[in-house]
Protein chains: 2
Amino acid sequence: MSNQQLKEAGLKVTLPRLKILNLLEQSSERHLSAEDVYKLLLAAGEDVGLATVYRVLTQFESAGLVVRHNFEEGHAIFELTSEHHHDHMVCVDTNQVIEFVNKEIEDLQHKIAEEHGYELIDHNLVLYVRKKH
Amino acid sequence: MSNQQLKEAGLKVTLPRLKILNLLEQSSERHLSAEDVYKLLLAAGEDVGLATVYRVLTQFESAGLVVRHNFEEGHAIFELTSEHHHDHMVCVDTNQVIEFVNKEIEDLQHKIAEEHGYELIDHNLVLYVRKKH
DNA sequence: CTAATTGCAAAAGCTTTGCAGCGCA
DNA sequence: TGCGCTGCAAAGCTTTTGCAATTAG
């Protein structure tokens, strides 16, 4: 379980790390800001400092357990690394984040980089959308 | 010239606005942060406050003269609105920014949003690439 | 002349860091 | 026990805001 994941990541198994990892795994919302994580922990009666949340999330990112996004200006959003790559849609009205997978777009990106004499290392694609009524 | 663009944007023609717009039009680097603009103005002997740079860039954005990007966390990047929409490639080694246009990707994005019941308002696509040798 | 704009400094929001004490291995 | 980790508070950064003075129309 979480215990093992932390060890594999080369991180000491501490209470704050376990709490944060468990929260990320159990939360119904996959995309959380550091502040979100902090508030959820407080609400759950867990006593963890905000600075620790930031430090732990950054460590998780380095360990590959978590991905950091910059969907919106002002604050980062963290998400557990998922098995399959996906991109994101963000609703401009509700800030809801929707994941999607599209192989054509992935292929096109590689093709575009190649056409310019480059190798694709990574990419960031966010669609800002509004619900159709 | 710039004078006219400001009027058309419904903005009073003031010295700071002219200086900033001229700088954006004449700079060899199309992609600048507020701090970049501020420092370039200072270097050019122009006396404009940083707060004014932020305010003016935000007004330019509202007026559609400029586009704000969040390529990296920490600070926004501004670019004069260009006639044709384009996306960006950033070389991970040199930080060089390359613009590209790809209609297929644009169309796919609309299609994906539609398929999920949404209307595409905007998007952000950045390819992080490395020069092939 | 009047209202908009500017510059400064202070404040705001997110994130990082220094340091003393606590806790895992 | 020793080193890493945590919490708190303070500091750092980018960006915004309040306010008096300045400027455009």
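In what follows, chains are A, B, ... by sequence order, proteins preceding strands, each numbered from 1. Nothing here was measured: the structure is a model prediction, and the numbers come from that model.
- The CD atom of Glu72(A) sits 16 Å away from the P atom of dT15(D) (whole-angstrom rounding).
- Nearest-nucleotide assignment on DNA chain D puts the 5′-proximal partner with Ala51(A), out of His75(B) and Ala51(A).
- Take Arg30(B) and apply the salt bridge (Lys or Arg N to Asp or Glu O under 4.0 Å) test, not counting sequence neighbours, and it matches Glu79(B), Glu99(B).
- Residue pairs satisfying the ring-ring contact (aromatic ring centres under 6.0 Å, His included) criterion with at least one member in residues 6-53 of chain B, sequence neighbours excluded, are listed as follows: His31(B)-His88(B).
- Here CG of Leu127(B) is found 5.5 Å from CG of Leu120(A). Values are rounded to the nearest 0.5 Å.
- In this structure, Lys19(A) atom NZ and dG23(C) atom P are separated by 11 Å, rounded to whole Å.
- Sorted by first then second residue, the salt bridge (Lys or Arg N to Asp or Glu O under 4.0 Å) pairs that include residues 116-133 of chain A, not counting sequence neighbours, are Asp93(A)-Arg130(A), Lys132(A)-Glu114(B).
- Residues that satisfy the side-chain contact (heavy atoms from CB on, under 4.5 Å) test with Glu72(A), not counting sequence neighbours, are His75(A), Asn95(A).
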Donor-acceptor contacts, no H, no angles, side chain residues 43-58 of chain A, under 3.5 Å, sequence neighbours left out:
| unit_1 | atom_1 | unit_2 | atom_2 | d |
| --- | --- | --- | --- | --- |
| Glu46(A) | OE1 | Lys19(A) | NZ | 3.3 |
| Thr58(A) | OG1 | Tyr54(A) | O | 2.9 |
| Thr58(A) | OG1 | Arg68(A) | NH2 | 3.2 |

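- Straight-line distance from the CD atom of Gln59(A) to the C1' atom of dT17(C): 14 Å, rounded to whole Å.
- Taking atom CG on Asn70(B) and atom P on dT14(D), their separation rounds to 14 Å, with Å as the unit.
- Not one side-chain nitrogen or oxygen of Tyr54(A) sits closer than 4.0 Å to the OP1 or OP2 atom of dT16(C).
- Taking 4.0 Å as the cut-off between side-chain N and carboxylate O, Lys111(A) and Asp107(A) do not count as a salt-bridged pair.
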Taking only distance into account, with no hydrogens and no angle test, what donor-acceptor pairs under 3.5 Å do side-chain atoms of residues 8-17 of chain B form with protein atoms, sequence neighbours excluded?
| unit_1 | atom_1 | unit_2 | atom_2 | d |
| --- | --- | --- | --- | --- |
| Thr14(B) | OG1 | Arg17(B) | N | 3.4 |
| Arg17(B) | NE | Gln59(B) | OE1 | 3.2 |
| Arg17(B) | NH1 | Lys12(B) | O | 3.0 |
| Arg17(B) | NH2 | Gln59(B) | OE1 | 3.2 |

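- Among residues two or more places apart in sequence or in another chain, the side chain to side chain donor-acceptor pair (under 3.5 Å) test is passed with Thr94(A) by none.
- The hydrophobic cluster analysis finds Val101(A) isolated: no Ile, Leu, Val, Met, Phe, Trp or Tyr side chain comes under 4.5 Å of it, directly or through other members.
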What N/O pairs connect the protein and nucleotides 19-25 of chain D at under 3.5 Å? Give each pair on its own line.
| unit_1 | atom_1 | unit_2 | atom_2 | d |
| --- | --- | --- | --- | --- |
| dG25(D) | OP1 | Val13(B) | N | 3.4 |

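- If you measure from atom CG of Leu57(B) to atom C1' of dT14(D), you get 13 Å, rounded to the nearest angstrom.
- Every pair tested for ring-ring contact (aromatic ring centres under 6.0 Å, His included) that includes a residue from residues 89-111 of chain B fails, sequence neighbours excluded, so the list is empty.
- Taking atom CG of residue Leu50(B) and atom P of nucleotide dC8(C), one finds them 10 Å apart after rounding to whole Å.
- When the P atom of dC14(C) is taken as reference, atom CD of Glu73(B) falls 12 Å away, rounded to whole Å.
- Overall bending of the helix from dC1(C)-dG25(D) to dA25(C)-dT1(D), expressed as the angle between end axes built from five pairs apiece, is 30° (10° steps).
- One interatomic measurement links the two molecules: CZ of Phe78(B) to C1' of dT14(D), which rounds to 11 Å at whole-angstrom precision.
- Within residues 24-47 of chain B, no residue has any heavy atom under 4.0 Å from DNA chain D.
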